[in-house]
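Here the structure comes first, spelled out in structure tokens, and everything after it is commentary.
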Amino acid sequence: MAQLAMAKAFRAGDWRAGYYRDQTFMFATGMSNLNEFFAQLYAHPDIEKDPASAGRQMNCHYATRYVHADGTWANQAESMNCSSDVSTTSGHMPRLLGLAYASKLYRQNKELEYLKQFSVNGNEVAFGTIGNGATSEGMFFETFNAAGVLQVPMAISIWDDAYAISVPAKLQTTKEDISEILKGFQREPGTNGYEIFKVRGWDYVALCETYERAIEVCRTDHVPVLIHVTEMTQPQGHSTSGSHERYKSKERLAWENEHDCLLQMRKWMIESAISTEEEMDELEASAKKYVRECQREAWNNLGAEILTELQQAADLIEQMAEESSAGDQLKEIVSSLKSVIDPGRGDVVAAGRKALRLTVKEKLYSRQSLINWLKLEDEKNYDRFNSKLFSGTMQSPLNVPVVPPQYEPGAKMVDGREVLNACFDANFERDKSIVAFGEDVGAIGDVNQGFAGLQSKYSDLRISDTGIREATIVGQGLGLAMRGLRPIAEIQYLDYLLYAVTVLSDDLATLSYRTRGGQKAPVIVRTRGHRLEGIWHSGSPMGMILNSMRGLHICVPRDMTQAAGMYNTLLRGDEPALVIECLNGYRLKEKLPSNIGEFTVPLGEAELLREGTDVTVVSYGSTLRMVLEAAEELERMGVHIEVIDPQTLYPFDKHHVCAESLKKTNKLLVVDEDVPGGGSAYILQKILEAQNGYYLLDAQPKTLAAKEHRPPYGTDGDYFSKPSLDDIVEAVYAIMHEANPAKFPELY
Ligand SMILES: Cc1ncc(C[n+]2csc(CCOP(=O)(O)OP(=O)(O)O)c2C)c(N)n1
Ligand SMILES: [Mg+2]
């Protein structure tokens with residue numbers, strides 16, 4: 001019932017970021033319907049049937065498609081918009097902040113008026129929904145505070161049924177009342193803050209009035225609002241895995257029966273002569289019938305597709321049975337496939353694969369037919385189940401033309417930070433939709449001055465400070481990017497990225513995949529890391545990043561010129577990325593390119609930095625400079641190393657420069673400063689397995705990483721924890737010693 005009231009206040013251009021309870025709202029707004037609902041329930045892998053997720057998400061995970069098949073944007077100002085749901089409780093909150101913040105930028109920054117397909121004067125409200133239990137999460141509180149500071153049109157509805165699965169409010173929320181404890185956020189004359197509303201979930205008239213009032217102030221004045229909807233009931237348990245009789249008292253269950261909002265609405269409709277008993281009975285009966293029809297149709301649609309494929313597979317295997325000496329076993333495969341109740345595509349393909357295993361030694365014409373058919377199915381199933389980790393359209397940064405840096409004769413040598421500063425300046429000038437924000441990014445232009453002077457040049461609407469709130473800094477970027485802006489969201493140090501990993505991993509990295517390309521968010525997350533000082537300022541957790549953020553490009557520039565080229569590439573593409581600058585590189589001198597805002601560094605193209613014949617050394621970021629230094633000393637010891645910088649860890653060396661080098665050296669050392677088996681293990685897998693480098697080796701492939709603990713504070717802490725120049729020289733030398741002990745005797 002609350003969702004009907006909310007739907008009445010929702011308009012074209014508005015956004016939803018919500019959770020799995022919102023089916024009535026989705027149907028009432030027309031952003032979903034019963035056919036799509038059931039197609040998703042049955043995991044129909046077809047965007048026509050389940051536009052929200054193409055069968056990739058559990059039921060009640062909603063989304064509208066705002067990216068066309070060719071990668072271009074749909075007109076969001078004319079449509080109702082629903083950002084794609086995640087299953088993690090409160091995981092959508094940071095994104096909600098960004099969706100609301102976009103309206104503020106569209107209203108206040110007149111330079112954005114040309115982006116008409118995204119906004120009409122920032123009049124769009126971002127509607128959030130969340131369960132009472134999920135408000136216990138840190139991300140809820142972080143988002144709540146940030147929106148109060150930013151004063152954005154964000155309308156959070158809390159569906160409060162006093163439970164979170166079995167755990168009652170008493171164990172979730174102080175005073176058992178979330179709006180009560182959030183009262184301090186209520187705006188007062190002369191302060192910022194919220195308008196807070198509390199209303200019962202079965203009182204339709206009060207709900208309609210509340211939503212009308214709340215959304216009016218939210219939309220008109222950009223004041224965030226909280227609508228705490230209490231006395232919600234659940235007619236069943238949380239999910240099929242448990243009935244609520246186990247954890248609710250008899251009294252509570254009886255109360256819930258009576259306060260079921262459907263019952264209450266029926267009563268109200270009859271009492272106020274909107275409808276009669278008979279009409280309501282009829283309506284309920286016809287609704288049930290309609291739902292059943294939709295359910296059956298969705299089931300049959302998917303079933304029919306699979307049955308066709310099953311029949312094809314069965315025919316091919318039966319043909320083989322005629323020719324094969326394993327005929328009986330093949331017939332058995334067919335009959336057990338045909339007897340599967342509700343078969344899936346996996347059953348069909350598994351039967352084919354099993355038939356191929358049974359006949360592996362036979363040369364049958366029909367066997368080849370089955371192989372051909374399976375290959376075709378493989379392609380289709382790849383599309384259905386594995387595609388669209390990235391947008392992969394013409395707008396992809398992988399398609400941005402390569403423009404090399406140019407240098408005037410006598411080009412200036414400047415600090416690395418000045419290279420970045422010039423790059424950002426040029427891009428902000430070129431593209432009015434670019435914004436940057438983070439801790440200390442605005443007034444002082446970030447802690448390393450990459451944005452120095454740019455806030456005063458481009459205004460605090462484009463370059464701004466944020467609170468210390470990494471998860472919602474990324475969420476802010478995610479929401480803005482969904483709405484057509486080009487955010488650079490800055491995380492002050494790589495060590496603090498952990499606070500944002502849930503948003504990066506659960507939400508941003510999965511967005512294109514979980515909507516099968518229906519949504520995108522080209523946010524660039526900028527941070528700086530690798531070695532500096534101490535346990536929380538010298539992290540290089542590349543394994544963590546590589547293992548949790550497939551779906552983002554991972555850029556690891558060794559210097560600021562390379563970083564600038566990467567920003568130039570990424571800002572012209574439409575896929576999300578993480579750029580990790582070298583914390584110890586801002587004051588090193590670099591030559592300033594004359595085309596600072598134009599030159600591009602292609603993603604996935606490794607660079608051969610030094611030619612050699614003895615050992616291939618692959619490294620990136622801060623350790624790379626040390627490898628180059630070590631190369632000089634090794635040269636003097638008669639060892640010639642070939643040094644390769646992959647530049648981006650994802651994608652990794654698309655043209656197999658590493659394997660090509662191994663053809664010459666037959667020896668491999670990977671150097672980084674993550675824990676052992678972190679980023680370096682990933683690199684080994686890429687070179688040895690994906691690039692077939694294994695077959696080119698004459699010596700055991702080696703990795704040189706940091707220690708397993710984080711580095712202690714101080715220069716000695718660094719020396720004894722991170723790979724040092726000595727470590728690198730000795731690691732290379734040890735490989736040479738193993739290959740030729742006579743020429744390279746043991747060092748010590
Ligand atoms: C981060 C995370 N932790 C736990 C869960 C498992 N889980 C799913 S729903 C749920 C209860 C949510 O309760 P509430 O927010 O009150 O929503 P309700 O279902 O009552 O509407 C839990 C614990 C999850 N999905 N994500
Ligand atoms: Mg609840």
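This chain uses plain numbering: 1 for the first residue, then up along the sequence. Indexing begins at 1, ligand by ligand and atom by atom, following the structure's order.
A salt bridge does not link Asp85 with Arg95: every distance from a Lys NZ or Arg NE/NH1/NH2 to an Asp or Glu carboxylate oxygen is 4.0 Å or more. Salt-bridge formation is not detected for the pair Glu575/Lys520: no Lys NZ or Arg NE/NH1/NH2 atom is positioned less than 4.0 Å from an Asp or Glu carboxylate oxygen.
Applying the side-chain hydrogen bond (donor to acceptor under 3.5 Å, both in side chains) rule to pairs touching residues 467-479 yields Glu142-Thr472, Arg469-Thr472, Arg469-Gln476, sequence neighbours excluded.
In summary, of the residues considered (Thr135, Asp160, Asn132), a side-chain hydrogen bond (donor to acceptor under 3.5 Å, both in side chains) with His228 occurs for Asp160 alone. Just one of Phe10, Trp15, Tyr19 meets the ring pair (Phe, Tyr, Trp, His ring centres under 6.0 Å) condition when paired with Phe127; it is Phe10.
The ring pair (Phe, Tyr, Trp, His ring centres under 6.0 Å) check on Tyr247 picks up Tyr163, with sequence neighbours excluded.
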Arg483 and Ser103: CA distance, side-chain angles, deciding distance, side-chain hydrogen bond (donor to acceptor under 3.5 Å, both in side chains) verdict: CA-CA 9 Å; Arg483 295 190 59 190; Ser103 289; 2.8 Å; yes
Pair Glu209-Arg213, salt bridge (charged side-chain N to carboxylate O under 4.0 Å, His left out): steps then yes or no: CA-CA 6 Å; Glu209 283 169 6; Arg213 261 181 37 224; 6.0 Å; no
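At a 4.0 Å heavy-atom cut-off, the residues surrounding ligand 1 are Tyr19, Tyr20, Arg21, Ser87, Thr88, Thr89, Gly131, Asn132, Gly133, Ala134, Glu137, Asp161, Tyr163, Ala164, Ile165, Gln234, His238, listed by chain and number.
Because its NZ or CZ atom is not both nearer than 6.0 Å to the ring centre of Tyr650 and within 45° of the ring axis, Arg550 does not count as a cation-pi partner of that residue.
Here 3 is the count of protein N, O or S atoms positioned under 2.8 Å from the Mg ion (ligand 2), waters not counted.
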